[in-house]
Peer 1: 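Dropping the structure in here first, questions after.
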Amino acid sequence: QVQLVESGGGLVQAGDSLRLSCATSGRTFSSYAMGWFRQAPGKEREFVAGISRSSMNTAYAASVKGRFTISRDNVKNTVYLQMNSLKPEDTSIYYCGAATGWLRIVDERGYDYWGQGTQVTVSS
């Protein structure tokens, strides 16, 4: 069992930055690829960014590429999402997830565990 706890969300203005963190329990963190998804009211959950077990591979949604950076610390069992140049359309609940494989990193069905989410609100 892996428990994920997100933090770092909040209310910011357009153009500001935030860094989300996702702390995990257990000693198996390095066994999982990790990803961030988001879900806005009335919309489907969508992939934001993913990172492989060793950090060798990363992937981003087109809408955030160049603005967001995913990273992980396998000693601290934590994955991060640095969000720069935030836009009002980035407003969502952000979830981190743990996936057993890289090949389905963009597909939420490839994830075994999820956090409870953290709200990010960007005002214009």
Side-chain angles (χ1 to χ4, degrees):
Q1 188 75 11
V2 177
Q3 293 184 321
L4 312 176
V5 180
E6 301 97 335
S7 61
L11 172 62
V12 297
Q13 293 187 329
D16 285 350
S17 298
L18 276 176
R19 187 175 82 154
L20 304 183
S21 299
C22 175
T24 70
S25 64
R27 294 179 288 179
T28 59
F29 176 73
S30 60
S31 300
Y32 293 92
M34 299 296 294
W36 288 94
F37 282 68
R38 66 187 183 187
Q39 188 168 21
K43 294 190 175 181
E44 300 279 324
R45 188 179 297 195
E46 65 175 0
F47 172 77
V48 175
I51 189 166
S52 61
R53 290 187 287 261
S54 65
S55 301
M56 184 173 295
N57 297 302
T58 57
Y60 296 93
S63 58
V64 307
K65 199 167 187 178
R67 299 188 297 123
F68 291 11
T69 303
I70 188 170
S71 62
R72 65 188 295 162
D73 185 330
N74 285 353
V75 174
K76 295 182 178 179
N77 293 344
T78 301
V79 62
Y80 304 97
L81 185 67
Q82 178 66 44
M83 306 186 295
N84 298 329
S85 302
L86 282 161
K87 304 175 181 180
E89 52 263 43
D90 294 317
T91 295
S92 284
I93 299 174
Y94 284 71
Y95 299 90
C96 73
T100 52
W102 174 251
L103 293 180
R104 299 181 72 185
I105 198 69
V106 304
D107 185 349
E108 62 178 315
R109 294 169 296 179
Y111 288 72
D112 294 325
Y113 301 100
W114 293 97
Q116 82 290 347
T118 186
Q119 177 71 48
V120 173
T121 303
V122 185
S123 63
S124 57

Peer 1: Indicate yes or no for a side-chain donor-acceptor contact from D107 to the backbone of R104 under 3.5 Å, with no hydrogens or angles considered.
Peer 2: no
Peer 1: Could you tell me whether the side chain of S85 and the main chain of R67 form a donor-acceptor pair under 3.5 Å?
Peer 2: no
Peer 1: Can you tell me how the ring of Y113 sits relative to the ring of Y32, calling it parallel under 30°, perpendicular over 60° and tilted otherwise?
Peer 2: perpendicular
Peer 1: Which heavy atom in I105 sits nearest to a heavy atom in M34, and how many Å separate them?
Peer 2: CD1-O, 3.8 Å
Peer 1: Grab the two heavy atoms, one from Q82 and one from S17, that are nearest each other, plus how far apart they are.
Peer 2: NE2-CB, 3.9 Å
Peer 1: Within the 4.5 Å heavy-atom criterion, are M83 and D90 side-chain neighbours or not?
Peer 2: no
Peer 1: Does anything in residues 43-56 pair up under side chain to side chain donor-acceptor pair (under 3.5 Å), and if so which pairs, sequence neighbours excluded?
Peer 2: R38-E46
Peer 1: Would W102 and F47 show up in the same hydrophobic cluster when neighbours are defined by side-chain heavy atoms closer than 4.5 Å?
Peer 2: yes
Peer 1: Could you check if a side-chain atom of L4 sits within less than 4.5 angstrom of a side-chain atom of Y95, using non-hydrogen atoms only?
Peer 2: no
Peer 1: Among V12, L11, I93, exactly one meets side chain to side chain contact (heavy atoms under 4.5 Å, CB included) together with T121. Which residue is that?
Peer 2: L11
Peer 1: Atom OG1 in T69, atom CG in L81: separation rounded to 0.5 Å?
Peer 2: 8.0 Å
Peer 1: Please determine whether side chain to side chain contact (heavy atoms under 4.5 Å, CB included) holds for the pair V79 and W36, giving the CA-CA distance in whole Å, both sets of side-chain angles, and the decisive distance to 0.1 Å.
Peer 2: CA-CA 9 Å; V79 62; W36 288 94; 3.9 Å; yes
Peer 1: Taking atom NZ of K65 and atom OG1 of T58, what is their separation to the nearest 0.5 Å?
Peer 2: 8.0 Å
Peer 1: Passes side chain to side chain contact (heavy atoms under 4.5 Å, CB included), D112 versus V2? Steps please.
Peer 2: CA-CA 9 Å; D112 294 325; V2 177; over 6 Å; no
Peer 1: Verify, without hydrogens or angle tests, whether T91 (side chain) and V122 (backbone) share a donor-acceptor contact under 3.5 angstrom.
Peer 2: yes
Peer 1: Any donor-acceptor pair under 3.5 Å linking the side chain of S25 with the backbone of Q3?
Peer 2: yes
Peer 1: Is there a donor-acceptor pair under 3.5 Å between the side chain of T24 and the backbone N or O of N77?
Peer 2: yes
Peer 1: Between P88 and A14, what is the shortest heavy-atom contact and its length?
Peer 2: CD-CB, 4.1 Å
Peer 1: Look at the side chain of E6 and the backbone N and O of Q116, then say whether any donor-acceptor pair between them is shorter than 3.5 Å.
Peer 2: yes
Peer 1: How far apart are the closest heavy atoms of A49 and Y60, and which atoms are they?
Peer 2: CB-CD2, 3.7 Å
Peer 1: Tell me the closest heavy-atom pair linking N74 and F29, and the distance in Å.
Peer 2: OD1-CE2, 3.0 Å
Peer 1: Determine the minimum heavy-atom distance between Y94 and V48, stating which atoms define it.
Peer 2: CE2-CG2, 4.3 Å
Peer 1: Please determine whether side chain to side chain contact (heavy atoms under 4.5 Å, CB included) holds for the pair F37 and Y111, giving the CA-CA distance in whole Å, both sets of side-chain angles, and the decisive distance to 0.1 Å.
Peer 2: CA-CA 11 Å; F37 282 68; Y111 288 72; 3.4 Å; yes
Peer 1: Does any part of the side chain of L86, heavy atoms only, come nearer than 4.5 Å to the side chain of F68, both counted from C-beta?
Peer 2: yes
Peer 1: Only pairs at least two apart or in different chains count here, so list each disulfide (SG to SG under 2.5 Å) that has a residue in residues 9-101.
Peer 2: C22-C96
